[in-house]
Number of protein chains: 2
Amino acid sequence: MSEQQTESLRERKKRRTRQSIIDVAHALFHDNGYDTTTVEAIAAGADVSVRTFFRYFANKEEVALAPLDEMGELTLTALRRRPADEPPLTALRAAVIDAWTIMSPDGESLRHYTDHLLPIGNASALAGAVQNRIVALGDRFALEFVEGDDPDGPQPRRTDLDASLAAFAFLAAVQVAVRAWCASDSTDPADLAATALICLDSLVIERNPAHRA
Amino acid sequence: MSEQQTESLRERKKRRTRQSIIDVAHALFHDNGYDTTTVEAIAAGADVSVRTFFRYFANKEEVALAPLDEMGELTLTALRRRPADEPPLTALRAAVIDAWTIMSPDGESLRHYTDHLLPIGNASALAGAVQNRIVALGDRFALEFVEGDDPDGPQPRRTDLDASLAAFAFLAAVQVAVRAWCASDSTDPADLAATALICLDSLVIERNPAHRA
DNA sequence: GAACATATGGCACGAACTGCCACATGGCAA
DNA sequence: TTGCCATGTGGCAGTTCGTGCCATATGTTC
C-alpha cells in the first residue's frame with residue numbers, strides 16, 4: 001500500500017510537467033515578483049501552452065501557493081498521528097512541530113520553504129488567496145477533532161464550535177508569528193519556529209464554560 | 001470641528017454617486033450573485049461609465065465589501081473609547097458589542113448589515129478579499145494597543161506580539177461565529193451575537209508567560 | 001497495428017482593470 | 001458675467017487572467 005506500482009509513463013510525464021511549471025513559476029516570481037510575472041511567461045518557460053498551464057493549475061495563485069499547500073498537508077497528517085484524547089490546541093502545537101521537524105531533518109528544506117514565504121508575503125495580490133487556504137485548512141483541522149472524538153467517551157461530545165475555535169485560534173497564532181518574522185530582519189527559520197511557539201503558548205481556550213445560549 | 005462646513009456641490013455629487021454605485025451593486029449581487037454581476041452592469045445601473053466606476057472603487061470587491069469596512073471602522077472607534085488599562089481581549093469584546101448596539105438601536109440596521117453577509121459569504125471569489133480586510137483590521141486593532149499602552153505604566157510594555165495575538169485571536173473567534181451562523185439556518189442577528197459571545201468567552205490569552213526566547 | 005482514452009495546442013471570447021486623451025463641469029476671481 | 005483653472009467624466013485601445021470548443025498528438029490496451 002505504501003509502495004507505488006511504478007506509475008505509468010503518462011503519470012510520470014504529468015508529474016514532471018507539473019513540477020516544471022512550479023519551478024519555473026517560482027523562479028520568475030523570485031526574480032520579477034508575482035504581479036509582473038505573466039502566465040504566458042511561465043508557460044513559455046515550462047515549455048507548455050498557456051491553455052495547458054490552466055489545466056494543471058486553476059489560476060496563477062495556485063501555482064504560487066503550492067508549497068504552502070504542501071506544508072498544510074504535512075501538518076494535517078502529523079495531526080492525525082496524535083493521540084485522540086489530546087486537547088486540540090496541544091495536538092495542533094505538537095503537529096506543527098512534527099511537520100517542521102519532518103521537513104527539515106537537515107534544516108535545509110525548511111529554509112527552502114521559508115524562501116517561498118517572503119515573495120508570497122510581499123505579493124499583496126496573493127494575500128487573499130493565502131487567507132483562503134488558511135480558512136480551508138482550519139476547516140479540515142476542525143473536522144479532524146469532531147470526527148476523531150469518541151461519541152461515547154468520558155467527555156460530552158466536543159461541539160463544532162469548540163473545534164473550529166481551536167483550529168482558527170491556532171492558525172491565527174501561527175499567522176501572527178509568520179507575519180512578525182517576515183517583518184523582522186531575520187531570515188533564520190529557527191527564529192520563525194521560536195516565535196510561533198511563543199505565540200502558541202500564550203493561547204488558551206477554555207472548554208465551553210457554563211454559558212447559557 | 002464636528003460640524004461640517006456644508007460640503008461643496010462637487011463633494012455632494014461625488015457622495016451621491018458613490019452611494020448610488022454601492023446600492024445598485026448590492027442589489028445586483030443580491031439578485032444575481034457576485035460572480036455573475038459585471039462591473040458593466042453596475043456602472044450602467046448607477047448611470048456612470050465603467051471607467052468612472054473604477055475611479056470610485058479600485059475593484060469589484062471593494063464595492064461589495066464597503067458595508068464590512070463600515071462595521072470595521074465602527075468597531076475601531078468603539079475600541080478607542082475603551083479605558084486604556086483594559087486588557088485587549090476585554091476591550092475588543094466590549095467594543096464589538098458597542099458597535100453592534102450603536103448600529104442597531106432598533107435592531108433593523110444590524111439586520112440590514114447581516115443581509116449583506118450572506119451574499120458575501122456565498123461568493124467564494126470574495127472570500128480572499130474578506131480575509132484581507134480582516135488582516136488589515138487586525139493590524140489596526142493591534143496598533144491601538146501598543147500605542148495606547150503607557151510606556152511607564154506599572155506593567156512592562158506590552159509587546160507587539162501580544163497585541164497582534166489578541167487582535168487576531170479575537171478576529172478568529174468572531175469569524176468562527178459568523179461562519180457558524182451563516183452555516184446555520186438562522187437569519188436572526190441576535191443568534192449571531194450570541195454565538196460570537198460564546199466564542200469570545202472561551203478565548204483566553206496568557207500574558208507572556210516566563211518564556212525563554 | 002487498430003481502437004480507444006486522454007493530454008495538448010490554438011483560437012475566439014468574456015470580464016477585470018489601466019493609461020491616455022478629449023471634454024464637461026464646478027469653483028473662483030477680476 | 002466672463003474667463004481661467006482644477007477636477008470629474010467618458011470613451012477607447014490595450015493587457016492580463018481565465019474558459020469553452022475543437023482538432024490534433026500521444027500514451028494505453030488488446
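Below, each value reflects all heavy atoms present in this structure, side chains not excepted, and no hydrogens, waters or symmetry copies. Please read these numbers as outputs of a predicted model, since none were measured by experiment.
In this structure, B/Asp35 atom CG and C/dG14 atom P are separated by 18 Å, rounded to whole Å. Computed from coordinates, the B/Arg18 CZ to D/dG8 P distance equals 14 Å when rounded to whole Å. Following rounding to the nearest Å, A/Leu126 (CG) and D/dC17 (P) show an atom-to-atom distance of 12 Å. Between A/Arg10 atom CZ and D/dA25 atom C1' there is a gap of 11 Å when expressed in whole angstrom units. Distance CD1 (B/Ile42) to P (C/dA15): 13 Å, rounded to an integer number of Å. Remark: C1' of C/dG14 and NZ of B/Lys60 are 12 Å apart, rounded to the nearest angstrom. The distance from atom CZ of A/Arg15 to atom C1' of C/dA7 is 17 Å, rounded to the nearest whole Å. Rounded to whole angstrom, the span from the CZ atom of A/Arg12 across to the P atom of C/dA7 amounts to 15 Å.
The line from CZ of A/Arg93 to CG of A/Leu79 is 14.5 Å long, rounded to the nearest 0.5 Å.
At a threshold of 4.0 Å, the pair B/Arg82-B/Glu144 does not count as salt-bridged, since none of the basic side-chain nitrogens sits closer than that to a carboxylate oxygen. In this structure, B/Glu61 does not pair ionically with B/Arg133, as no charged nitrogen and carboxylate oxygen lie closer than 4.0 Å.
Checking the phosphate oxygens (OP1, OP2) of D/dG27, a side-chain nitrogen or oxygen of A/Lys13 falls inside 4.0 Å. Listed pair A/Ser8 / D/dT28 meets the phosphate criterion, a side-chain N or O lying under 4.0 Å from OP1 or OP2.
Nucleic acid contact class of A/Thr37 (heavy atoms, under 4.0 Å, all strands): sugar-phosphate only. A/Val48 comes within contact range of the sugar-phosphate backbone alone, with a heavy-atom separation under 4.0 Å but no base atom that close.
In this structure, B/Glu62 and B/Tyr56 have side chains that are not in contact, with every pair of non-hydrogen atoms separated by 4.5 Å or more.
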inquiry  = Assess the residue pair A/Glu11 and A/Arg18 against the criterion (salt bridge (charged side-chain N to carboxylate O under 4.0 Å, His left out)); give the C-alpha distance rounded to whole Å, side-chain angles, the decisive distance to 0.1 Å, and a yes or no.
reply    = CA-CA 10 Å; A/Glu11 281 164 337; A/Arg18 181 186 155 83; over 6 Å; no
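Between B/Ser49 and B/Thr52, the side chains place a donor N or O and an acceptor N or O closer than 3.5 Å (distance only, hydrogens not considered).
Other residues, nucleotides and ligands place more than 12 heavy atoms under 6.0 Å from the CG atom of B/Asn59.
Listed in residue order, the members of residues 51-59 of chain B having a heavy atom less than 4.0 Å from DNA chain D are B/Arg51, B/Thr52, B/Arg55, B/Tyr56.
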